[in-house]
Structures are given as C-alpha cells and as structure tokens.
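Predicted, not measured: the structure shown is a model, and the values here were computed from it. In what follows, chains are A, B, ... by sequence order, proteins preceding strands, each numbered from 1.
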Number of protein chains: 4
Amino acid sequence: MREPRAAAPTTAPAAGAPAAPRGRRADAERNRAAIITAATAVFAEHGADVDVREIARRSGVGMGTLYRHFPSKEDLLRLSLEQEFTAWLTQAHERAAATEDPWQALSGFFEQVLTTQAHNRALMDSYVQTGGPTESCVHKCRVFIDALRQRCEQAGVLRPGVSTEDLLSLSGSLCTTVQTVGDERRWRRLMTISLDGLSSRHREPLPS
Amino acid sequence: MREPRAAAPTTAPAAGAPAAPRGRRADAERNRAAIITAATAVFAEHGADVDVREIARRSGVGMGTLYRHFPSKEDLLRLSLEQEFTAWLTQAHERAAATEDPWQALSGFFEQVLTTQAHNRALMDSYVQTGGPTESCVHKCRVFIDALRQRCEQAGVLRPGVSTEDLLSLSGSLCTTVQTVGDERRWRRLMTISLDGLSSRHREPLPS
Amino acid sequence: MREPRAAAPTTAPAAGAPAAPRGRRADAERNRAAIITAATAVFAEHGADVDVREIARRSGVGMGTLYRHFPSKEDLLRLSLEQEFTAWLTQAHERAAATEDPWQALSGFFEQVLTTQAHNRALMDSYVQTGGPTESCVHKCRVFIDALRQRCEQAGVLRPGVSTEDLLSLSGSLCTTVQTVGDERRWRRLMTISLDGLSSRHREPLPS
Amino acid sequence: MREPRAAAPTTAPAAGAPAAPRGRRADAERNRAAIITAATAVFAEHGADVDVREIARRSGVGMGTLYRHFPSKEDLLRLSLEQEFTAWLTQAHERAAATEDPWQALSGFFEQVLTTQAHNRALMDSYVQTGGPTESCVHKCRVFIDALRQRCEQAGVLRPGVSTEDLLSLSGSLCTTVQTVGDERRWRRLMTISLDGLSSRHREPLPS
DNA sequence: CATGAATGAGAGTTCATTCAT
DNA sequence: CATGAATGAACTCTCATTCAT
C-alpha cells in the first residue's frame, strides 16, 4: 500500500558510521531525513503550495510521522529551505574562496544563484522574495555578498555606489528568467548584461 | 433576515431602453464588461489566486453569469489580462513614438514595465512568466520591443548582439524586485544597472 | 448519492404562504432551516462535539452548503442554541405569565429546565456551563429569573436572601441528574427537595 | 540535534536493586504505579479528554509501556479513577465515623464531594455521570451513603422518604456548580439550600 | 519487557465549478 | 439568460493505538 521505501536519502548515513548506535533513533532519523529529502524535492519541483500528502507519499511515511517530525507544513518548509540554503551558501563560500579574481568570484556567485534556481523552485522563491527562508539565512547571505562586494570594490572592479542590497536584489531578480526560459545560454546572456552594468566601467552615480 | 433583494446591479438597466429584442444582448454585454472590469481590478490587487467569488461580488453579478461568459477562471484571467496587456502595450507604443531619443524610448519602456508591476500584480506576473497572457500578446510585445531594439541599434546606442528576447526577459526579470522592495528608488538603481549593461559602451559579445 | 432530501424542515413554510415569492431564496431558506434543524437534533443527541459531516448528512446538504450558511461550526452551534434557547425562554415566559401562583411559576420553570434537559444535550450544556449560548441569552434569562424571584419574594414564599444567581445555578445544577437518571420520577424528587430548600419555611441566612 | 537520550525516568532504578529475576517485575510495577500517578494528576487537571501523550510524558514512560499496562485509554482512566475513588470513599468513611452528629456527617459528605470536585475534574465527572468509575465503586458508595442516610433517618433529622439514590444524585448534581462558579461561597449557598430541603423540617412526601 | 516512532482515519474548513430556479 | 446556492474533493492538522527495534 506504500512504496517499499525510497532507497535514497540525500543525507546518507555518515561514511564510517558503525552499526546504528541507538536502537530506534537511527530509523527515526532516517525517516526524518527521508521526509526532508522528499519535501525538498517536492518543494523544489512544485513550489511551496504542494499538498503535504505528496511529501508524505514520496517519503514513504504516514501523515502522523510527518507531523511528528515537523509540527506544521510551514516548519517543514522552513527547515527544508534552511538546510538547502545553508548548503548552498556554504558552496558559495567555497567557490568564492577558491576564486582569486574578485570579479570572477562575484560572477561565479551570480551563476550559482541562477543555476540553483533552475533546480529548486521553492528555495529560490524564498531567495527572491525575502532573501532567504530565515532571518538568519538572509543575514548570512548578506554578509557573504557584502564580502564579495568589498573584494570587488577594493580591487576597483565594481561600479562605485553599488550596495550589498543591490547585489542581492539583482541576483534574485535574474532568477525569474531561469524559470521562464529553459535554455541556459539564454539566461547567461542576461547575467552578463547585468554584471557588465555592475562593472567599474560605469562610474555614473546610481539614483538616490 | 436577508436584505430584501438588492435590486441594484452596478450597471442599472439603461433608462429608456425599449424591450427591444436586443435588450438582452446589451445587458449581457454590460455584464460581461462589468465582470472584466472587476476581474481586472481584483487580479491586479490580489494576483491570479484570488477567490472567484470576489470578482463576482465586485462586478455585481452572480457566479452563474460569470461562468456563462467565461467557462473557467482561467479564461477570465486570460481575457482580462489580454485587455490590460493590450492597453498597456498601446500606451507603450504611444510613449515610444513620442520619444525621440531611441535610448530614452528603451529606458522609458523599462520604466513603464516596472511602474506597472507595482500596480498590477497579475498582469506583470504573466509578463514575467510567459511574456504576456497570450501568444498573440507576446508576439505583439516582441514586435514592439524589436522595433525599440532596432531603433537603438541603428542609433548605435545598443550593445551589439542584444536580442529582442534579451530585452523581454531582462525587463521581466526586474519586475521581481518591485514586488520585493517597496521603495521606488531601490528598483530604479537596478534598472539603471541593467540598462547600462545594455549600452553600447559594452561591445563584448554575449554568450552563445 | 444523497438521501432524496429529508422532507421535514422543522420550520415549515408559513401556513398560507403562496407559491414561493422569490425564485431561489425559498430553497436556500429551506436548506438553512434544514441545516439548523439537523444541527439542533444532532447537537441535542450527541453534544457539541459531533462531526460537522454528520450534520451535513442529516440535513441532506453538502459541506459547502453548510459552510455557506454558517462560517464555522462554532457559528452553527451558537445559532442553533440561540434559537432553541430563545424558543425555550419564550415558552418559559408564557408559562410563567399563565401561572398565577408565584411559587408554582418558579417550580414550573425548574420543571421546564429539567424536561428540556432530557431532550437537548447541547442546549442544556450551555445553560449549565455559562447560563446560555450567548451573553444576550444569559442576560434575558437572568432577567426572567429575577422577575420570578421578585414575584416569589413579594409573595413571601421565597427564602430570604436567595439571589437570582442562586436560582440560575441551582436549576442548572439539577440538569446533571436528568442526564444521569433516565427516569422522570427520579429527578422530580430532587427538584422537589431543592425547591423546598428555597421555600420561605427556611429563614436561616445563606453563607456569605 | 536531539538531546543525547535523557537517561532519566522519573522513578530511577532503585540503587542497590540486584539483577534479581524479579527485577523486571519490580520495575514493571514501578512503571505501572508511575503511570497511574501521572494519569490521575493529568485527568484531574484536564479531564478525561486529554491526550494520552501527556500522561506518558508526565509518567516518564513510553507509549508502548503505557499500552502494555493498560490496553486502552479507557482502561487507564477507569483504573485511575477507581483508585482515586476508593481513597476518596475511605476518607469519607473516616470523616463520617469521626463525626458524631448524623446530620453533620451528611453535610460533611456533601461538602467533601464538592470540595473534591474543585480539585479532580475527571473523578467527579464520573461520580456525576454514573455514580463512580465502576459498578463496584458505585455500589460501595451507595452502601456508604445508605449508612449515612440511615443514621440521619434514625436520628429523625432526615426528611421522610429520601432515598439513597436521592442523596447520590443530589450530591452529584451540585458538582456542576463548582465547575461553573469558581467562588466557593457561591456553591456553599446552593449546598445549604439543598441540604435544607433534605431536612426533616419537610415532611411532605416526595413524588412517586 | 520498554521505547517512542509510525500509523491513518477523521476533524474543521475552502473554493472552482455546476445547476435548479 | 441571470442568479447564487449547492457541490465535494482537497487541504492542513490531531490523536488513539500499533509495532519495529
């Protein structure tokens, strides 16, 4: 009556973990992970409005189990996005750290935003609308972007007057087009245009 | 316990209208118009997800009438947006025609897109997602933008390689930020940046 | 898929009412009445905790219809009880007015409370717990009881110091026994005892 | 992300308990007691409708243990009340035995009923509805009340014709008011009235 | 034998669409 | 041809009870 349990939790049991340390917890944790995995996938595909039952079905658990782990749909959504967002931001940090050229670091971030957008609807929806699923996430992201901005500024490659908020909004704004146009080459063009508008080649002051 | 039957449809029967065989037609047409008007307002305010009842209420007709004229919510939405879109595009034409400077015509269009976005949620949503409510609308819009593009191109003020699609997507993409940030000065900055990226100061080829 | 429509609305179309004056309203009113009737019956039988679906089923309407007439279960409950309470209090008024002897009027009221209790669980539950389904109901009831009390007091048949609140609480308190013991003769004995305790034969002051 | 497994059941394993074969038994018995204790407290506070989880939480055992000892919520409720009821009745016996004046013994019992009502919701609910949680309890209570009644009767202080059932019902009936009115002085008035109605000052026969 | 996670049948409520009047 | 009442599937969430570990 239920699929035989999807075999693929995203977060697999940590590599060298020995036989489950505690009788039950392992299974519960597996379920919890399965729910988040499923939720993440479902939210990514259909957005935040999907039926919770779809998530329960996909994760192979009953409604009760789902609600035992997450007291409300809202909570599940938040947690799922929080996790995704964190992973995403971590990757962003790594990439930026591995990139010497400040401008390339910035463009790399824009690229990551847009690539992710193609694969996770709910995640990027939250990025676009509020900057992230959580105040804390938004803050961290802002801090990260601010660092990027300062690097570029000090290298003299960023248009004067560009704020962190500008970068946040602009990167989010471009997300729309990824949803709209399936073709990657298409949205890369827009990204290039916007980034060029951010370059220090332009020195005219921005409004207000 | 119930109001004695509000005898007052918003559009009252025209005074001297004879019991002409066409009376019904006229009435129906009036209803149809009232529905579209109301739908337009409601969709603009609350987006495409509003309860259909709200539209019926606002237009002063019953649900049956509404569904007689429009077989589904979808249809009503499409038609309402079609109309709005056309009016909007007409205005865009007029403005562009009245603007001598090609570049100013282009920026003026971007500005109109974003200003409208602040006032008509559903309309711009469709613009962002598919370029317009209808294939036909999208086409007309594309033609218009193409004209703008050509004017700019011929004046040598547009970055080489920028396509009509680019302009369509880019203008739509900026819409997001209007929703997100309430402040007009905020989104004007992003618009400036994007437009600058479109200027002929940049001659590097765009990807693909 | 639904019973062919229970033929018996409690509130039948007013006697000499000619063919339904208004196209639809009549039917809707019938449904509304059917819902209240069903709700009243169901609440009376099972208390306030029944499934709303049971009411919908019993009244022969869909859930939507029920919720069209009453925005929430709470509202339906309140209205149903309000109606019952009013009818009940009206009858109480009539009886009291038709009874010359003040003491008999008081006992008659107690009797009515208990008789009703045997037939309407939710109604009397509200009477017992808060004095009625609504502040307004409670007030009216209090006023009525106060009148009864004054009549008895002036006739010198009521124990000195007995307050309106005492009478309200005492009548409610006896309700319990009706639920408990099915036999009418049983609870009449208790009523007699309590009423005797209220008689002016006792002149000892009440506590506090 | 989860507390490291709270190692602390409320009733910790007694220090020097040997790994005796009876160890399990003892443990089980301790659990059973803990459950009843918790259930009693919880039922007293919130009534019989509380979530079973609350009881498990409060007793420090898992749901499985709870259901091992008590096959259903109903059973647990019954047992908990049975125990409370017995203790309560024992106390009633003691008080009655320690009271010389028969009438004072009777009033004392009424007072105990009402005082308890203020402190143990579920217990008194069962008293009110069925006379007690169990046929056996009801019987014992009836016997006790009958003794009280006989003492009063023989002392000539009880209204002739008052049955044991009358006393049972009347004392239960007054419980309602304790729930309703918080003020102790308020329900004492009603109690006084009812008791006065039971006094031998009234010699009129009771109905039926 | 204890654990507490899992279950799933409802609960109250909403809304696009249909249909009797 | 208009009306707006009726429909009912779908939604989020709860809780008594079972079952794998």
Side-chain angles (χ1 to χ4, degrees), chain A residues 1-2 20 22-32 49-54 56 60-74 76, chain B residues 5 9 23-25 27-28 31 49-54 56-57 60-74 76, chain C residues 1-2 20 22-32 35 49-56 60-74 76, chain D residues 5 9 23-25 27-28 31 49-54 56-57 60-74 76:
Chain A
M1 209 165 273
R2 241 164 226 322
R22 276 76 172 268
R24 191 16 95 109
R25 279 289 156 52
D27 225 50
E29 211 53 53
R30 201 152 35 231
N31 263 336
R32 191 187 155 89
D49 272 350
V50 263
D51 190 336
V52 192
R53 276 166 171 79
E54 175 61 24
V61 306
M63 290 299 295
T65 305
L66 197 154
Y67 273 88
R68 152 175 278 275
H69 287 288
F70 308 94
S72 79
K73 182 186 181 181
E74 186 63 26
L76 176 53
Chain B
R5 168 65 56 97
R24 272 287 149 73
R25 265 301 152 69
D27 227 51
N31 269 338
D49 272 350
V50 265
D51 193 328
V52 194
R53 278 162 180 71
E54 176 63 24
R57 218 171 296 135
V61 307
M63 294 296 293
T65 307
L66 197 154
Y67 270 87
R68 164 170 297 279
H69 287 290
F70 308 93
S72 80
K73 185 187 180 180
E74 187 61 26
L76 175 54
Chain C
M1 208 165 273
R2 239 165 227 320
R22 277 75 172 268
R24 189 24 81 120
R25 280 287 157 54
D27 224 50
E29 211 54 51
R30 200 150 38 229
N31 263 336
R32 191 188 156 88
I35 293 170
D49 273 348
V50 263
D51 189 336
V52 193
R53 279 162 172 83
E54 174 63 25
I55 299 175
V61 306
M63 289 300 295
T65 304
L66 198 155
Y67 271 88
R68 151 176 279 274
H69 287 287
F70 308 94
S72 78
K73 183 187 180 181
E74 187 63 28
L76 176 54
Chain D
R5 167 64 57 97
R24 272 289 148 74
R25 263 303 152 69
D27 228 50
N31 269 338
D49 273 349
V50 265
D51 194 329
V52 194
R53 278 160 179 72
E54 176 62 23
R57 218 172 297 136
V61 307
M63 294 295 293
T65 307
L66 197 155
Y67 270 87
R68 164 170 297 280
H69 287 289
F70 308 94
S72 79
K73 184 187 181 180
E74 187 61 27
L76 175 53

Exercise. Can a side chain N or O of Tyr67(C) be found less than 4.0 Å away from OP1 or OP2 on dT14(E)?
Worked result: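 No, no such contact exists.
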Exercise. Are OP1 or OP2 of dC1(F) and a side-chain N or O of Asn31(B) less than 4.0 angstrom apart?
Worked result: no
Give the minimum heavy-atom separation between [X] and [Y], together with the two atoms involved.
| X | Y | answer |
| --- | --- | --- |
| Ala56(C) | Met63(C) | CB-SD, 3.9 Å |
| Val52(B) | Lys73(B) | CG2-CD, 3.8 Å |
| Leu76(D) | Leu66(D) | CD2-CD2, 4.0 Å |
| His69(B) | Asn31(B) | NE2-CB, 4.0 Å |

Using whole Å, what does the distance between atom [atom2] of nucleotide [N] and atom [atom1] of [X] come to?
| X | N | atom1 | atom2 | answer |
| --- | --- | --- | --- | --- |
| His69(C) | dG4(F) | NE2 | P | 13 Å |
| Asp49(C) | dG12(E) | CG | C1' | 12 Å |
| Leu76(C) | dT13(E) | CG | C1' | 13 Å |
| Asp27(A) | dC19(F) | CG | P | 16 Å |
| Leu66(B) | dT3(F) | CG | C1' | 12 Å |
| Arg30(C) | dA20(E) | CZ | P | 15 Å |
| Phe70(B) | dA16(E) | CZ | C1' | 16 Å |
| Arg57(B) | dT3(F) | CZ | P | 15 Å |

Exercise. Is there a Watson-Crick or G-U wobble partner for dG8(E) with both distances under 3.5 Å, and which nucleotide is it?
Worked result: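 Pairing partner, where one exists within any strand: dC15(F).
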For this session: Counting Watson-Crick and G-U wobble pairs only, both distances under 3.5 Å, name the nucleotide matched with dA20(E), or none.
Result: dT3(F)
Taking the minimum atom-to-atom distance to the side chain of [X], which one of [options] wins?
| X | options | result |
| --- | --- | --- |
| Val61(B) | dT7(F), dT17(E), dT3(F) | dT3(F) |
| Arg53(B) | dT7(F), dG12(E), dC13(F) | dT7(F) |
| Ala28(D) | dG12(E), dA2(E), dA9(F) | dA2(E) |
| Arg68(D) | dC1(E), dC13(F), dC1(F) | dC1(E) |
| Lys73(D) | dA9(F), dC15(F), dT17(F) | dT17(F) |

Problem set entry | Which residue lies more 5' along DNA chain F, comparing Asp51(D) with Gly62(B) via nearest heavy atoms | Gly62(B)
Problem set entry | Residue whose closest nucleotide on DNA chain E lies nearer the 5' end, Gly64(A) versus Pro71(B) |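 It is Gly64(A) whose nearest nucleotide is closer to the 5' end.
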Exercise. Toward the 5' end of DNA chain E, which comes first, Thr65(A) or Met63(B), by nearest nucleotide?
Worked result: Thr65(A)
